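All figures in this text were calculated on a predicted structure; none of them were measured in a lab.
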Amino acid sequence: MISDKLLGSQTLLTTLLYGLVSILLVDSFGLVFTCAMLLIVLFKLSIHKQLVKGPSEKLINLLAFTIILVVFVAIGFSNLVEMFVSLLLGACALKTIQAKTKKQAMSVQLLNFFVYPCFFIFSQNVLSLLFVLALLVINLAQMLWIEHDIELRSAMKQATKHLLLALPLAAIMVVLLPKVSPFWQLPGAKKTQTGLSEDIDPFEISELSRSDELVFRAIFPENAQMKPPFYWRTLIHDKFDGKRWRVSAHHDVPLQAPYRAVGASYTVIARPSGKTWLYNLGQAKSATRGVNTNHFGTLFMQNHLSSSMEYQVTPIHVSGAGMVNWQYRLNTALPEEINPLATAMAMRWDNATDNTADFIELMKQYFIEHRFSYSLKPATISDRDSIDTFLTETREGFCGHYAASAAFMLRAAGIPARLVSGYLGGEYNEEREYYSVYQYDAHAWVEYYVPQQGWYRLDPTAWVAPDRLIGSLSELTQLEEEFKDNLGLSLMTYSNLALVNWIRLQIEQLDYQWTRWVLNFDHQKQSRLLRDLFGQYHRLLPALSVFLLLIAIFIARFWYLQRKQLVKLPEAVKLHHAICKIAGDELHKLTPSQALLSLKSQYPGLSQELEEFNQYFVKSRFSRAQLTKAEATRMKALGRLIIKKAKK
């Protein structure tokens with residue numbers, strides 16, 4: 001019978017785990033809900049320490065109503081997944097406070113097999129996998145702890161052993177069983193955010209340098225011969241309202257113009273973003289189902305990217321360099337009466353030059369001669385004529401400052417121009433040969449139009465920080481201190497320490513393998529693998545293999561349990577059975593005292609030895625006190641002596 005103290009300890013442990021989960025998901029649930037959960041943890045701890053009495057039913061109902069109110073106010077109905085998961089978490093936490101019986105505690109533990117895996121909805125990396133597995137092991141151990149009243153350490157060992165035995169079977173079933181498409185899309189996944197957006201203030205892109213969140217990985221084939229700089233085009237902003245650059249309605253319009261492939265295909269593994277856009281170099285097409293090319297030559301999907309996705313990218317060149325009138329008007333439009341200094345500067349350069357290349361050269365000389373600098377912490381510019389302020393006063397900025405200023409002056413001179421937001425470079429993993437691109441690699445540049453030729457890329461950031469074109473922002477030694485100050489507490493911040501950097505790279509590689517071979521193991525990959533393994537029988541043999549494997553496992557398990565029982569029969573019992581056997585096959589099924597009477601009646605000359613053996617046997621089997629070493633030795637000697645004399 002489990003004690004009240006033990007029951008209280010295990011429910012307290014469960015409540016503490018709920019608090020830990022709430023803290024880790026504070027970005028999804030919000031600070032208000034997390035604080036509410038921590039108050040529940042504090043309340044449970046106070047009850048366990050007997051500082052306060054257990055709550056009445058009315059108080060529990062009041063707390064439940066408060067949690068519901070907090071969820072609705074802090075999270076709201078627009079985030080359905082966050083709302084339902086937080087309600088489930090809050091309800092389970094209150095149940096741990098209310099649980100007073102073994103049955104109530106077990107119901108909470110059973111619910112945890114649904115609560116803990118909900119963590120995957122918000123994060124699917126390998127660290128999340130390890131965290132959830134640890135929670136499940138603890139939960140299973142708690143169930144053993146409650147049900148069988150065994151020591152927690154022993155329960156943890158058994159739970160870990162069972163989980164480790166189950167993992168290979170789960171892996172085999174994932175590989176061999178047919179995959180089916182999801183029945184629905186999680187609405188909450190749409191709320192996942194990347195740093196970029198359709199409407200962007202270029203002067204605020206520097207904020208992304210504060211995030212070390214992975215955006216995507218790129219794997220180039222060995223013969224691709226692709227060299228930096230890598231400009232990952234993501235969004236084309238061709239509408240400008242004086243402060244923010246916006247995407248036009250053509251962003252989701254499929255490409256209609258003819259095109260031709262111009263290079264080797266490569267692979268991109270994108271992290272969930274909750275958006276429809278993807279990442280590619282230059283103009284691109286994709287053979288991956290569901291991935292389309294839009295009017296600008298960038299990739300997009302019809303559905304939101306709610307989970308990791310691997311897709312193929314083929315560089316293309318789109319034919320047709322003409323521009324109709326409405327496109328010209330759109331790409332030269334500027335609000336009236338803003339940035340008069342920049343406008344006058346552009347007009348002066350336009351009058352002094354005959355072509356776009358010379359105009360850009362004058363613009364470049366201006367940035368160089370006036371000693372503009374590149375900074376991750378530029379001065380805040382919030383006035384209406386922000387570009388004028390940047391060009392004539394602060395002269396210190398991130399990529400967005402330079403791109404926005406250049407695009408504005410090009411348009412002011414009547415040259416079609418648009419802003420491009422995406423990512424520049426990436427961190428190269430030499431061992432696995434792939435690039436990792438993080439949020440801090442976010443970048444903005446310009447595309448300008450030359451009649452009868454087409455669009456060209458212009459990156460004015462390169463005029464003041466040419467080293468930024470190679471590698472990742474994290475590798476730019478010029479801004480190392482600013483970069484690490486921006487990130488705050490992070491493994492990347494302390495990557496100058498060899499051990500920390502080694503750990504960071506190991507986690508990165510582990511996550512890469514997890515993402516590529518587990519998260520992205522889709523229907524196409526499974527079909528290819530099964531076809532390689534089973535040939536023409538790839539549709540039948542995998543399911544049959546799983547069926548036969550399960551039967552084999554159940555048979556092996558049954559045999560193991562039977563064998564285990566025989567092998568681990570205690571020595572005292574084996575001796576008792578052996579003595580009983582000399583007097584009758586069914587004698588060992590009687591009680592020890594009944595068996596003793598029968599034996600003494602059949603072997604009266606051994607009464608003294610039988611009586612002494614029975615005392616040791618009863619003590620070893622039915623007493624809390626254990627036999628001493630001498631007693632155990634004496635019992636064995638008596639057993640052998642009785643059997644030997646009885647056979648004579």
For residues 123-135, tabulate all N or O donor-acceptor pairs below 3.5 Å that involve a side-chain atom, not counting sequence neighbours.
{"unit_1": "S123", "atom_1": "OG", "unit_2": "N125", "atom_2": "ND2", "d": "3.3"}
{"unit_1": "S123", "atom_1": "OG", "unit_2": "S128", "atom_2": "OG", "d": "2.6"}
{"unit_1": "N125", "atom_1": "OD1", "unit_2": "L127", "atom_2": "N", "d": "3.1"}
{"unit_1": "N125", "atom_1": "OD1", "unit_2": "S128", "atom_2": "N", "d": "2.8"}
{"unit_1": "N125", "atom_1": "OD1", "unit_2": "S128", "atom_2": "OG", "d": "3.0"}

Presence of salt bridge, R244 and D199, under 4.0 angstrom: no

With no hydrogens and no angle check, do the side chains of Q312 and T288 hold a donor and an acceptor under 3.5 Å apart?
no

**OP:** Could you check V137 against M156 for side chain to side chain contact (heavy atoms under 4.5 Å, CB included), going step by step and ending with a plain yes or no?
**Re:** CA-CA 7 Å; V137 167; M156 288 291 292; 4.0 Å; yes

Closest heavy-atom pair, A64 versus L94, reported as atoms and distance to 0.1 Å, is CA-CD1, 3.4 Å

* S265 and T314: side-chain donor and acceptor closer than 3.5 Å? -> yes

Y231 and D459: side-chain donor and acceptor closer than 3.5 Å? yes

Q) So, the side chain of N280 versus the backbone of G282: is there a donor-acceptor pair under 3.5 Å, distance only? A) yes

Give the intermediate values and the outcome of side-chain hydrogen bond (donor to acceptor under 3.5 Å, both in side chains) for residues T14 and T96.
CA-CA 7 Å; T14 303; T96 59; over 6 Å; no

Exercise for the section: Quick one: sort the Y512 and Y434 rings into parallel, tilted or perpendicular, breaks at 30° and 60°. Expected result: parallel

Check your understanding: Going by heavy atoms in the side chains, are V247 and I236 under 4.5 Å from each other?
Key -> no

Q: Report yes if some heavy atom in the side chain of F398 is under 4.5 Å from a heavy atom in the side chain of S375; otherwise report no.
A: no

Going by heavy atoms in the side chains, are K243 and D201 under 4.5 Å from each other?
yes

Check: Do other residues, nucleotides or ligands put more than 12 heavy atoms under 6.0 Å from the CD atom of E222?
Finding: no

Pair S308, T515: side-chain N/O donor-acceptor within cut-off below 3.5 Å: no

Carefully, step by step, assess Q142 and L13 under the rule side chain to side chain contact (heavy atoms under 4.5 Å, CB included). CA-CA 9 Å; Q142 285 181 274; L13 176 58; 3.9 Å; yes

query = Between the side chains of K44 and T11, is a donor N or O closer than 3.5 angstrom to an acceptor N or O?
reply = yes

| request: Please step through side chain to side chain contact (heavy atoms under 4.5 Å, CB included) for the pair F220 and E433, ending with a clear verdict. | output: CA-CA 8 Å; F220 296 134; E433 299 180 341; over 6 Å; no

_Test your reading of the model: is there a side-chain donor-acceptor pair from D441 to the backbone of S472, 3.5 Å cut-off?_
no

For a quick check under 3.5 Å, do N112 and Y18 share a side-chain donor-acceptor pair by atom type? yes

- Task: Could you tell me whether Y435 and Y266 have their ring centroids closer than 6.0 angstrom?
- Result: no

Next on the checklist: Checking E431 against Q509 for the side-chain hydrogen bond (donor to acceptor under 3.5 Å, both in side chains) test, could you report, in this order, the C-alpha distance in whole Å, the side-chain angles of both residues, the deciding distance, and whether it holds?
Outcome noted: CA-CA 9 Å; E431 186 173 343; Q509 289 194 27; 3.2 Å; yes

Kindly indicate whether the side chain of L424, heavy atoms from C-beta on, has any atom under 4.5 Å from the side chain of F230. no

Within-4.5 Å side-chain heavy-atom neighbours: D511 and L214: yes

Assess the residue pair L299 and V313 against the criterion (side chain to side chain contact (heavy atoms under 4.5 Å, CB included)); give the C-alpha distance rounded to whole Å, side-chain angles, the decisive distance to 0.1 Å, and a yes or no. CA-CA 9 Å; L299 301 178; V313 182; 4.0 Å; yes

Heavy-atom closest pair (A270 atom, Y311 atom, distance to 0.1 Å) is CB-CE2, 4.0 Å

Review point. Considering only heavy atoms from C-beta outward, does the side chain of L176 approach that of Q526 to under 4.5 Å?
Key: no

**OP:** Say whether N429 and R432, considering side chains only, have a donor N or O and an acceptor N or O under 3.5 Å apart.
**Re:** no

**Study point:** Donor-acceptor contact present, side-chain W145 to main-chain A155, <3.5 Å
**Key:** no

Less than 4.0 Å between a side-chain N and a carboxylate O, is that true for R271 and E213?
no

- Taking atom types as modelled and ignoring hydrogens, do the side chains of Q302 and T276 form a donor-acceptor contact shorter than 3.5 angstrom? no

pair P315-Q283: side-chain heavy atoms closer than 4.5 Å: no

message = Tell me if the aromatic rings of F122 and F29 count as close, with their centers under 6.0 Å from one another.
response = yes

Do the side chains of V32 and V73 get nearer than 4.5 Å, heavy atoms only? no

Are R217 and E310 close enough for a salt bridge, meaning some N to O gap below 4.0 Å? no

Plane angle bin for Y279 and Y423 - parallel if under 30°, tilted between 30 and 60°, otherwise perpendicular: perpendicular

TODO: Assess whether atom CZ of F72 is packed by more than 12 heavy atoms of other residues, nucleotides or ligands within 6.0 Å.
DONE: yes

